[in-house]
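A short worksheet on the structure shown next.
Throughout, protein chains are lettered first and strands after them, A, B, ... in sequence-line order, and every chain is numbered starting at 1.
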Amino acid sequence: MEMVKLTINGKEIEVPAGTTILKAAEQIGINIPRLCFLEELSSVGACRMCVVEVKGARALVASCAAAVAPGMEVQTHSPAVMEARTTILDLLVANHPLDCMTCDKMGACELAALCYEYGVKQSTFDGEKHSYPLETSNPFIIRDMNKCILCGRCVRACAEITGQDTIDFINRGFNTKIAPFFDEEYVESNCVYCGQCVSVCPTGALTESQMAGKGRRWEYTKVKTTCPFCGTGCNFDLCVKDDKLIGVTSNPDAPVNGRGLCIKGRFGWDFVNNENRLTTPLIKKDGKFVEASWDEALALIAKSLKEIKEKNGADSFAALSSARCTNEENYLVQKFTRAVMGTNNVDHCART
Amino acid sequence: MTNSINEITNDAQLMLLIGTNTTEAHPIIGYKMRQAKRNGAKLIVVDPRRIDLAEEADYWLRINSGTDIPFLNGLMHIIIKEGLHDKEFVRTRCDNFEALESTVKNYTPDYVSKLTGISEEDLYAVARLYAKTDRAMLFYTLGITEHICGTQNVMSCANLAMLTGHLGRPGTGVNPIRGQNNVQGACDMGALPNVYSGYQPVINTEIRQKFELAWGVSLPDKVGLMIPQMFDAANNGQVKAMYILGENPVLTDPNSNHIRKGLEKLEFLVVHELFLTETAEYADVILPAASFAETNGTFTSTERRVQRVRQAIEPVPGQANWQAIMAMSAELGYPMDYNDPEDVWMEMAFLSPSMAGITYERLEEKGIQWPCQSCDHPGTACLHAASFTRGKGLFQGIDHIPPHEVPNEEYPFLLNTGRILQHYNVTTPYSMAIQSMWSEEYSELNPEDACKLCVETGDQVKVSSRRGTITARVKVTDRVPPGMIWMSFHHATSPTNVITSEGLDPTTKTGEYKVAAVKLEKV
Ligand code: SF4
Ligand code: SF4
C-alpha cells in the first residue's frame, strides 16, 4: 500500500494514499467538526463545516472529501478556519428556530453541540424564516422542515442504506427543501418507515414520534440488544427512562446492520408497553379466567402435570417452545420436558 | 445460512433468490441485496410474485407455484449439457454425480419451460450466468420449504450450488434465511423432538448418557413428536397435557380448526404468553411472560451469530421466563440451580461441542458465529470450507413432486401466503404504531381476476377452501399473476390458516402454506 506523509497541526503522520484529511486527523485524535459527513454514507462536502487550511491552497478545503497529498501541511483549527465555521453556523442558525428547550433532539443535536463549541448564541443575520407546517400524519416520524439544515444525510441514507429513494432535494435557493416526490407527505410516498433518515439527521428536523415528549436525550439509559423480530439479528439500543421503554435508536457499532433498521425493529418495540400485556397468572375457573398468584398457578400446574403423567405416562405431555424466546429459555424448556417430564415431545414453530 | 450476511455487499458477484421476498421478510438483508445490485452485482429473482426486488433484478422469473424442482433440474440440465459445471469441485468434494446427471437429463428446457412458465431463453441465460459467475450466493426462504416437497426443494438447491462449486468460499453458499428472530437458536438449543442442544441425537446412547450424567436423571431414548403430530395426538387423546411458551399455533399453524379441536381436547394446558392470544384462550393456566426487553440472554440469527439480549427494564409480570420455568420445575420436584441466564448458557455450552467456545464475555462486541469449539476459536463465518458435514457432498437425483392440492373447477384459485413488511407473526399486531396503519388484511389479486369478480381494492371477498371460509379485503395489483390470491397471516380478523392446505412435507412436517386451492366470492 502506498503511504503518504503529511503534517496536521504540526504533527507528522503517515497514512495510506487516498485517505481523506478528516480521517487522517481522526487517527491522531483531532476531531474535525462535520454536519453533512457521516462515516457510513458517501461524502458530498456540502456543509463546509469540516473546512481546514492547507498551506499553499487558494481557499479553505473541505476535509471530508479532499484526499491527503505528500508533504501537505494542514491546520484544522486556525483563526481563518474558526472564523469560517462560525460564519457557517451563524448562517444556519439565521433560519433555524431556537426552541431548543422543548426540542426532542436536544442533547443529541449536532447543530446545538457545534454552536456551543463555537459560541454561536443567535444569528447576526436577520433574514427570512421558513414556516413549514409540522408533518405528523404518520405514526413513526415527525418532520419539522423548519429545523432542516439541508445537510442531505437523510437523502443519502434513504438511497444508500435502504435503496428506497423516497426523498430528495426539491426547489431552489431559499425554498430548497427535502421531500418525497411532488412534496407529498411520507404517508403518500413509497416510504417504508425504516427510519434511517431519523437516525442520521443531525438536528430536530426528523424525530421519532413515539419518543416525543417522553424525555430528554441525556435522561435515557441506552441498552444495546438484539432485535426480537426477524432472523437477521440486527442490534440496536433500547432507550429507557424510569424503568420504562421510551424507544429504539440505532447503534452504529451493530455488527450486521450498522445504523440500518427496518420498521419492525425501529418502531415495533411498543408492544412491550401495550396495556393488554398479561401481568399476573390466570387460572380458568368455570370457563372464566381469574387472577391468581404465581404460587397458586405453579402449584396447580405441578399437581395437574404430575397426575396426568402418573396416569397416562410421560408421553402424554408435550411442550411447544418458542422461536421468539431466548436460547436460554429454549434450553430450559427442552430440559424441563426431557429431564422433569421424561419425554422428548418438545418442538417449536421452526417451520413458519 | 452457510455464509454470512455481510458477504452480500462485500463479496458476492451474483445473488440468486428463490422464494424469498427479502425486502419485506428480512428487510436489512433485502436492503443489502439492493445495495449490492446497485454496486454492480447481478440479481436473479425467482418468484411468482413481482416482489420489490424483482423491480431491480437482471432477471425476474415468474415461476409457476410448486415447480421449483423442475426449474432447478432444468438449470442443472443446461449446465451439465454445456459443460459449465465445476468439474474439479464435483470430483473432489462430491459423490453420486451420476445419479444427478441421469435425473436432470430428462429436464429439457422445453419440458421445464412448460411446467414452470419460464421461457427457454431465460432458463439458458440464468443457468449460464449462475454457473459462470465465480462468487454466487443462493438464497431461499419459505417459498422453498413450505411445500410438501420442501425437503427435496432444499436438496435441489444444494445440488445446484455443489454442481457449480458455489460453496465454502466467501460470497457463495446455500443460504436459507430463517424467519423468526431465534428460530435458529431454538433449533440449536434442542427444542426439537430428536436432538439435544448442538444437534446431538437423543437416540445416541453415549450422548444420552452424557446428558443423564449432567442432569442427574434417566432420559427417554425414543424420539418425540413434532408439532403437527402433537396436535394429532391431542386430537386422538394420546397427548393430554401441554405447555406452550410464546407461540400462537391457532393463528400461525396450518389448518387451524384441527389445532383448536386438539387444544379443546387436552385435559390440561399451560400457556406462557405476553398476551391473551387465540391459543391462550384454551389454557387452564396462563403464565404471564416477560418480553425480550425484560430479560438477559441470547438470540442466534440466521447466519448462526449468537448475540446478547440485554435486560433494559424489570419484567412486567414480576418474573422473567427462565425464572418461571425454574419455579415450575422445582414444584415438580426437580430444582434447577441457575443464578442467571449466563449460568444456563454455560451449562449448555459445556454440553454442546459446536458452541463450547462461546461465553457471554466473548459475545460482548459483535457476537460469535458457531461452530466455535474452543475459547480461542474465532467462530465460523463460512461453512463447508474444506469439507461437508458428512465428508463429501451427496448429489441426489430428485424428480418433480406436484403440490398436495391444485386448483380445479370448484376451487379455481391458487392461495399463496406469506409475511408483509410491517408485521411479524404475532407480536407486531400489539404495536400501537404499526397497527394504526396496517390493521387489516389486504389480499393481493390480479386486475384480470378482479375484473371478472367485479371487485376493487378495498372490497371484501369470501375465500373458501375445502377446510373453511374466511373474509378479507382485496388489493388489486399485478404483483400476483392471474389465478392467484396472496394473503398474509397476521390478522386475527382474517385468519388465513383456517383455509391453508393440510399438505405436509413428510420429513419436516412443514405445512404447504404456499399452495392451496380456493374459490372467491364477492361479499
Ligand atoms: S432533514 Fe435532517 S438529515 Fe435531512 S437534510 Fe435536513 S437536517 Fe439533514
Ligand atoms: S430491524 Fe428489521 S431486519 Fe433487522 S432484525 Fe429487526 S425485523 Fe429484522
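The side-chain heavy atoms of Leu282(A) and Val285(B), taken from C-beta on, include no pair separated by under 4.5 Å.
A donor-acceptor contact under 3.5 angstrom links the side chains of Asn182(B) and Asn327(A), judged on distance only. No side-chain N or O of Gln238(B) forms a donor-acceptor pair with one of Asp315(A) less than 3.5 Å apart. Checked by atom type, the side-chain pair Ser304(A)/Asp284(B) shows no donor-acceptor distance below 3.5 Å.
Looking only at distances, no side-chain donor or acceptor of Asn344(A) sits under 3.5 Å from a matching main-chain atom of Asp221(B). Side-chain N or O atoms of Arg310(B) include none that pairs as donor or acceptor with a backbone N or O of Thr226(A) at under 3.5 Å.
Salt bridge present: Glu273(B) and Arg324(A) bring a charged side-chain N and a carboxylate O closer than 4.0 Å. Between Lys264(A) and Glu24(B) there is no salt bridge, since none of the side-chain N atoms of the basic residue sits less than 4.0 Å from a carboxylate O of the acidic one. A salt bridge links Lys335(A) with Glu347(B); the closest basic N to acidic carboxylate O contact falls under 4.0 Å.
Using cut-offs of 30° and 60° for the angle between ring planes, the Tyr331(A) and Trp215(B) rings count as perpendicular.
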Could you check Glu328(A) against Thr295(B) for side chain to side chain contact (heavy atoms under 4.5 Å, CB included), going step by step and ending with a plain yes or no?
CA-CA 10 Å; Glu328(A) 292 72 7; Thr295(B) 191; over 6 Å; no
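Within 6.0 Å of NZ in Lys222(B) there are 12 or fewer heavy atoms belonging to other residues, nucleotides or ligands.
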